[in-house]
Amino acid sequence: MMKRAAFLVLWIVIRFATPAVAQTDSLAKLDWFSNARLGIFIHWGIYAVDGVGESWSFHNKHIPHDVYMQQIERFNAENYKPEEWVRVIKSSGARYAVITSKHHDGVALWNTKANALSIPAASPAKRDVLTPFVTELRKAGLKTGLYFSLIDWTHPDYPGFLRDSSRYKVADDTLRWNRYMQFCNRQIDELLVQYNPDLWWFDGDWEHSAEEWNAPGIRHRILARNPSAIINARLQGYGDYATPEQHTPIIPPESRAWELCMTMNDSWGYQGSDTNYKTPFEIISIFADVISAGGNLLLDIGPKADGTIPEEQVHILKELGRWTSKHSEAIFDTRRGLPYGHFYGPTTLSADSTVLYLFLSQGASDKLVIKGLRNKIRKISVLGTPQTLGHKIVGKISWSSVPGLVYIDVPENVHDSYITVIRVELDGPVSLYRGKGGFH
Ligand code: GLC
């Protein structure tokens, strides 16, 4: 009887405790991703020709679909230097890149055989622009991610088209839908065979259910070929990691790994009229917040139709690179920092959690405080400089086990122009007091 009850409880737990993202077949495959911290997203497509919103501009009827599609006739990629892209991306400190192999407009960057809507087949660039980029990424030791839109608003067999009109309903014509899915899977197979990406970044899953997409089937065919491929969560519950978009989560996603994707200005693809760039400081402080909460930042660039990366974007990547290389120890291969309440700002921990990194904004107070730290401190220094710092323990009562407050003085002249990182070396793995303050 007891055994049966225990079994029932176990069954209920397994049945209903399905996390928001699918259980990964092997959690270890996420290691490189969690340690990478920074990736660069690339939205490159025909929308860069006139600088209009990628796919959404016709879907939302800002411009007619045929006018949008005519941009393909002027997509020439004449100054495209994939090795230069990879050099700039790598200089930011990023360890992986994710590129739009095909956006919702249906235009493939590679030489797809599934239809004729691709840059090699239909644009004056006349060549596969995806392959040389992937080759350069791999040469440089960066991981390859492919963004692939499940939605294809241009395909005649895809139901969705404009915001307020669709071609048909799946339930009314399953044959037509199956034809679309055959096409979609054929493209996925092409990408799988030609590139075998380390990471799949699906998008657009929201237009259909897991059953309609056959999401488990897509996951299965990818993993059958490459069991260590990582899949983002936009596959109706069959992915490995969560992808919040544009907004830094206040409460971090519960999945083992997560990634915030974010634009540098307000657009994913190149739009010359959008000059609303975040400053390097803003991007770096968002990045610090993200890694403090155990996530990655996937920072987007939108190259122009001729293949050059806009100067403002190169500038941000360079500034980011200066900062990440100075503070690499506090960024890469680190773990989620202290929970809220111990320090006023982002923190990370070394993989063995014996070193705590405190991130301070420029102009931050020169007096820092850490609360509830049980460890003894071995040494405090300013990362990327030879400067060591003293500290003072305040309010430690000899007979109480509650730790005192650690105050650290940071002289103004050691501050980084963006964010200073203080390295706190502990006497062992971090140990925190999370109580209510002794008597209550
Ligand atoms: C959204 C948009 C898309 C963009 C993507 C990047 O899903 O549909 O335009 O490519 O976010 O995260």
Side-chain angles (χ1 to χ4, degrees), residues 20-21 33 38-63 65 68-69 71 89 94 96-109 119 130 145-155 158-163 166 184 187 191 197 199-208 213 215 230-249 253 255 257-271 274 276 278 283 286-287 290 295-303 305 313:
V21 288
F33 180 76
L38 182 64
I40 300 298
F41 211 175
I42 301 157
H43 276 69
W44 197 33
I46 61 168
Y47 37 84
V49 171
D50 290 336
V52 296
E54 69 293 334
S55 311
W56 293 99
S57 53
F58 74 77
H59 180 78
N60 288 332
K61 307 212 292 193
H62 300 313
I63 61 172
H65 180 247
Y68 177 96
M69 293 309 289
Q71 294 177 99
I89 289 171
Y96 65 105
V98 179
I99 183 166
T100 47
S101 64
K102 177 180 108 163
H103 205 262
H104 313 326
D105 58 14
V107 182
L109 294 191
I119 294 300
L130 184 56
L146 293 185
Y147 167 110
F148 179 79
S149 171
L150 294 162
I151 292 175
D152 188 329
W153 286 324
T154 303
H155 195 283
Y158 186 75
F161 181 36
L162 303 180
R163 187 182 54 197
S166 66
C184 181
Q187 289 202 320
L191 294 174
L199 186 156
W200 287 81
W201 216 102
F202 287 107
D203 199 18
D205 65 339
W206 60 82
E207 289 204 349
H208 296 278
W213 292 123
I230 297 178
I231 303 173
N232 75 339
R234 299 193 189 176
L235 190 58
Q236 289 288 14
Y238 287 85
D240 301 312
Y241 72 90
T243 56
E245 177 172 325
Q246 297 288 28
H247 310 292
T248 320
S255 51
W258 62 274
E259 172 198 66
L260 169 70
C261 56
M262 188 181 80
T263 50
M264 288 185 174
N265 50 7
D266 295 332
S267 316
W268 295 103
Y270 173 68
Q271 294 195 35
D274 181 354
N276 195 23
K278 299 171 183 75
I283 288 176
I286 293 167
F287 180 44
V290 165
N296 288 5
L297 177 66
L298 184 64
L299 183 64
D300 183 68
I301 58 172
Q313 304 184 5

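Both ligands and their constituent atoms are indexed starting at 1 by order of listing. No experiment lies behind these values; they were computed from the predicted model shown. Index from 1, following the sequence.
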Checklist entry - Will you find, in the side chains of His104 and Ser149, an N or O donor that is under 3.5 Å from an N or O acceptor? => result yes
Item to check | ring-ring contact (aromatic ring centres under 6.0 Å, His included) involving Tyr270 - partner list, sequence neighbours excluded | outcome: none
Checklist outcome for this item: A student checking ligand 1 against Cys261 at a 4.0 Å heavy-atom cut-off should list atoms 12 (O)
Next on the checklist: Taking 4.0 angstrom as the limit and counting only heavy atoms of Phe41, give me the atoms of ligand 1 inside it, by number and element.
Outcome noted: 6 (C), 12 (O)
Checklist entry - Numbering the atoms of ligand 1 from 1, which are under 4.0 Å from a heavy atom of Tyr147? => result 10 (O)
Checklist entry - Can you find a non-hydrogen atom of Trp201 under 4.0 Å from ligand 1? => result yes
Next on the checklist: Could you tell me if Tyr96 and Asn296 have a donor-acceptor pair between their side chains, going purely by distance under 3.5 Å?
Outcome noted: yes
Next on the checklist: Checking a contact table here: which protein heavy atom is nearest atom 4 (C) of ligand 1, and how many Å away?
Outcome noted: His43 NE2, 3.5 Å
Item to check | Side-chain donor/acceptor of Gln236 to backbone N/O of His208, under 3.5 Å | outcome: yes
Checklist outcome for this item: The atoms of ligand 1 lying under 4.0 Å from a heavy atom of Glu245, numbered in the order shown, are 1 (C), 7 (O), 11 (O), 12 (O)
Checklist outcome for this item: re atom 5 (C) of ligand 1, the protein heavy-atom contact at minimum distance is Asp203 OD2, 3.3 Å
Checklist entry - Side chain or backbone of Trp206 under 4.0 Å from ligand 1, or both, or neither, by non-hydrogen atoms? => result side chain
Checklist entry - Below 4.0 angstrom, N of the basic side chain to O of the carboxylate: do Arg234 and Asp205 qualify? => result no
Next on the checklist: Which residue and atom name correspond to the protein heavy atom nearest atom 2 (C) of ligand 1, and how close is it?
Outcome noted: Trp56 NE1, 3.4 Å
Next on the checklist: Counting only heavy atoms, tell me which of His104, Arg234, Glu54 gets closest to atom 8 (O) of ligand 1.
Outcome noted: His104
Checklist entry - Of all residues at least two apart in sequence or in a different chain, which pass the ring-ring contact (aromatic ring centres under 6.0 Å, His included) check with Trp201? => result Phe41, Tyr147
Item to check | Test item: side-chain donor near acceptor, Asp274 and Ser267, under 3.5 Å | outcome: yes
